Participant: 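Pasting in a structure now, in structure tokens, and then I'll have a few things to ask.
Just so it is clear, the model here is predicted, and its values are computed rather than measured.
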Amino acid sequence: MLQVRDLSFGYGGGVTVLDALSMDIAEGDVVSLLGPSGCGKSTILRVIAELLEADEGDVTWQNIPELAFVFQDPALMPWATVDENVQLPGRLKGKIDKKAVQDAMAAVGLSDMGHRFPAQLSGGQRMRASVARALAANPKVLLMDEPFAALDEILRFQMNELLLDLKKQRGLSILFVTHSLYEAAYLSDRVLVMDRGQIKGEVKPDLDRGTNAQDQRASGAFTSAVAAIAALMAEGS
Ligand code: ADP
Ligand code: MG
């Protein structure tokens, strides 16, 4: 679905941030990017979303899909209700798809909260609203930049389940930046470990999605995936 080939990028001043980076994402896959702070994770998302232009290399989509971004900061407008916040992408395009907004609110479990203001939501609900706003554009691909990093572990686990549900129900492809080896191992079809603007290696967790969350998190496949990611991160550093 997406091919990234030999992508190089710098913000100027001769510093290379992305260094001939290549990667692929297949349709319907959750792919995590993991790596030390400053290695270029947010930058590669921005180049893929065409918010930044690469100096060299190519980003090729099979069919250019609708993209949506989710950041760590839910960035809801405090003066607008949750419904109005979720309608914003549609409003900016000049066309509000009421059904898509309703479906998005239902998908994140906020159907009864649409009339509230962001300050009247919990941290987890605000993140759900942020995900609903992304879904309201009916994207095929979600680009997520450390979306759950500020949530406590229990909320983060809930958001992880929500994301796997969305992937299943909507056939979403997801490129997911995280600092957590555990989150990457749990969510991903593939984990790409990044270092200094390059992909250092890849781990395929291969959890048994037919079993429940607890069993998956307790499984040997999960433990070996976390160990393999940790080993890859430590390599040569
Ligand atoms: P990560 O998301 O992996 O922490 P980033 O992609 O945000 O890393 O940043 C990669 C490098 O680019 C870092 O050295 C960072 O300081 C630099 N950088 C990020 N954004 C900018 C910017 N807008 N202008 C200049 N340098 C930047
Ligand atoms: Mg970042």
Participant: Please find the pair of heavy atoms, one from Ala104 and one from Ala132, that lie closest to each other, and give the distance.
Facilitator: CB-O, 3.4 Å
Participant: Could you give the distance from CD (Glu235) to CE (Met233), rounded to the nearest 0.5 Å?
Facilitator: 12.0 Å
Participant: Report yes or no: does Asn85 contribute a side-chain atom to a donor-acceptor pair with the main-chain N or O of Thr81 at less than 3.5 Å?
Facilitator: yes
Participant: Would you mind writing out the side-chain donor-acceptor pairs for residues 146-153 within the sub-3.5 Å range, not counting sequence neighbours?
Facilitator:
{"from": "Glu146", "atom 1": "OE1", "to": "His179", "atom 2": "ND1", "distance (Å)": "3.1"}
{"from": "Asp152", "atom 1": "OD1", "to": "Ile154", "atom 2": "N", "distance (Å)": "3.1"}
{"from": "Asp152", "atom 1": "OD1", "to": "Leu155", "atom 2": "N", "distance (Å)": "2.9"}

Participant: May I ask whether Phe9 and Leu45 are part of the same hydrophobic cluster, defined by side-chain heavy atoms of I, L, V, M, F, W, Y residues being less than 4.5 angstrom apart, directly or through others?
Facilitator: yes
Participant: Under the side-chain contact (heavy atoms from CB on, under 4.5 Å) rule, collect the residues that match up with Leu51, sequence neighbours excluded.
Facilitator: Arg46, Ala49, Phe69
Participant: Apply salt bridge (charged side-chain N to carboxylate O under 4.0 Å, His left out) to residues Asp24 and Arg5 and explain how you reach the verdict.
Facilitator: CA-CA 9 Å; Asp24 295 285; Arg5 283 293 168 274; 3.1 Å; yes
Participant: Are any non-hydrogen side-chain atoms of Val141 and Met1 less than 4.5 angstrom apart?
Facilitator: yes
Participant: For Ala129 and Leu76, work out which heavy atoms get closest and say how close.
Facilitator: CB-CD1, 4.0 Å
Participant: Does any non-hydrogen side-chain atom of Leu166 lie less than 4.5 Å from one of Glu161?
Facilitator: no
Participant: Atom CG of residue position Asn212 - does it have more than 12 heavy atoms of other residues, nucleotides or ligands inside 6.0 Å?
Facilitator: yes
Participant: Do the side chain of Ser122 and the main chain of Gln125 share a donor and acceptor less than 3.5 angstrom apart?
Facilitator: yes
Participant: Applying ring-ring contact (aromatic ring centres under 6.0 Å, His included), can you list everything that pairs with Tyr186, at least two apart in sequence or on another chain?
Facilitator: none
Participant: Hey, mind stepping through Arg126 and Asp73 against salt bridge (charged side-chain N to carboxylate O under 4.0 Å, His left out) and telling me if it holds?
Facilitator: CA-CA 9 Å; Arg126 276 198 284 273; Asp73 177 358; over 6 Å; no
Participant: For the CZ atom of Arg133 and the CG atom of Leu135, what is their distance to the nearest 0.5 Å?
Facilitator: 11.0 Å
Participant: Atom CG in Leu172, atom CG in Leu163: separation rounded to 0.5 Å?
Facilitator: 8.0 Å
Participant: Are Val31 and Leu7 joined in one hydrophobic group, where the rule is that I, L, V, M, F, W and Y side chains link up if heavy atoms are under 4.5 Å apart?
Facilitator: yes
Participant: Should Asp189 and Lys167 count as side-chain neighbours, where that means a heavy-atom distance under 4.5 Å?
Facilitator: yes
Participant: Closer than 3.5 angstrom, by distance alone: can the side chain of Thr211 be matched with the main-chain N or O of Asp208 as a donor-acceptor pair?
Facilitator: yes
Participant: Would you say Asp6's side chain and Asp58's backbone share a donor-acceptor pair under 3.5 angstrom?
Facilitator: no
Participant: With a cut-off of 6.0 Å (strictly less than), are more than 12 heavy atoms of other residues, nucleotides or ligands near CD of Glu50?
Facilitator: no
Participant: Can you hop from Val30 to Leu143 via hydrophobic side chains spaced under 4.5 Å?
Facilitator: no
Participant: Which distance, rounded to the nearest 0.5 Å, do you find between the CD of Glu66 and the NZ of Lys140?
Facilitator: 10.5 Å
Participant: Tell me the closest heavy-atom pair linking Gly40 and Val17, and the distance in Å.
Facilitator: CA-CG1, 4.1 Å
Participant: Mark yes when over 12 heavy atoms from residues, nucleotides or ligands other than Tyr182 sit less than 6.0 Å from its OH; otherwise mark no.
Facilitator: no
Participant: Can you tell me if CD on Glu27 sees more than 12 non-hydrogen neighbours from other groups inside 6.0 Å?
Facilitator: no
Participant: List the atom of Arg209, the atom of Ser188, and the distance in Å for their closest heavy-atom pair.
Facilitator: NH2-O, 3.7 Å
Participant: Tell me which pairs pass side chain to side chain donor-acceptor pair (under 3.5 Å) where either residue lies in residues 33-42, with sequence neighbours left out.
Facilitator: Ser42-Asp145
Participant: About how many Å separate CD1 of Ile199 and CG of Leu192, when rounded to the nearest 0.5 Å?
Facilitator: 5.0 Å
Participant: Between Leu232 and Gly201, what is the shortest heavy-atom contact and its length?
Facilitator: CD2-C, 3.4 Å
Participant: Do Arg196 and Asp19 make a side-chain contact, defined as non-hydrogen atoms from C-beta onward lying under 4.5 Å apart?
Facilitator: no
Participant: Give a yes or no answer on whether the side chain of Glu202 reaches the backbone of Val193 with a donor-acceptor pair at less than 3.5 Å.
Facilitator: no
Participant: Restricting to side-chain contact (heavy atoms from CB on, under 4.5 Å), what partner residues turn up for Asp165, sequence neighbours left out?
Facilitator: Gln169
Participant: Apply side chain to side chain contact (heavy atoms under 4.5 Å, CB included) to Met105 and Val86, showing your working.
Facilitator: CA-CA 8 Å; Met105 290 290 280; Val86 172; 3.7 Å; yes
Participant: Would Ile174 and Val131 show up in the same hydrophobic cluster when neighbours are defined by side-chain heavy atoms closer than 4.5 Å?
Facilitator: yes
Participant: Would the distance check show the side chain of Ser173 and the main-chain N or O of Gly28 forming a donor-acceptor pair, the cut-off being under 3.5 Å?
Facilitator: yes
Participant: Test question: given the 4.5 Å side-chain rule for I, L, V, M, F, W and Y, name all other residues clustered with Met77, or answer none.
Facilitator: Trp79, Leu88, Leu92
Participant: CE of Met113 to CZ of Arg128: how many Å apart, nearest 0.5 Å?
Facilitator: 10.0 Å
Participant: Answer yes or no: is there a side-chain heavy-atom contact under 4.5 Å between Met194 and Leu34?
Facilitator: no
Participant: For residues Leu52 and Tyr11, determine if any side-chain heavy atom of one lies less than 4.5 Å from a side-chain heavy atom of the other.
Facilitator: yes
Participant: Testing the 3.5 Å rule here: is there a donor-acceptor pair between the side chains of Asn160 and Glu183?
Facilitator: yes
Participant: Closest heavy-atom contact between Ala225 and Ala185?
Facilitator: CB-CB, 4.1 Å
Participant: Report whether Leu21 and Val203 are members of the same hydrophobic cluster (ILVMFWY, side-chain heavy atoms less than 4.5 Å apart, transitive linking).
Facilitator: no
Participant: Ignoring hydrogens and geometry, is there a side-chain-to-backbone donor-acceptor pair from Ser8 to Ala20 under 3.5 Å?
Facilitator: yes
Participant: Less than 4.5 Å apart, any side-chain heavy atom of Ser111 and any of Gln102?
Facilitator: no
Participant: In the structure I gave you, are the side-chain heavy atoms of Val70 and Ser130 within less than 4.5 Å of one another anywhere?
Facilitator: yes
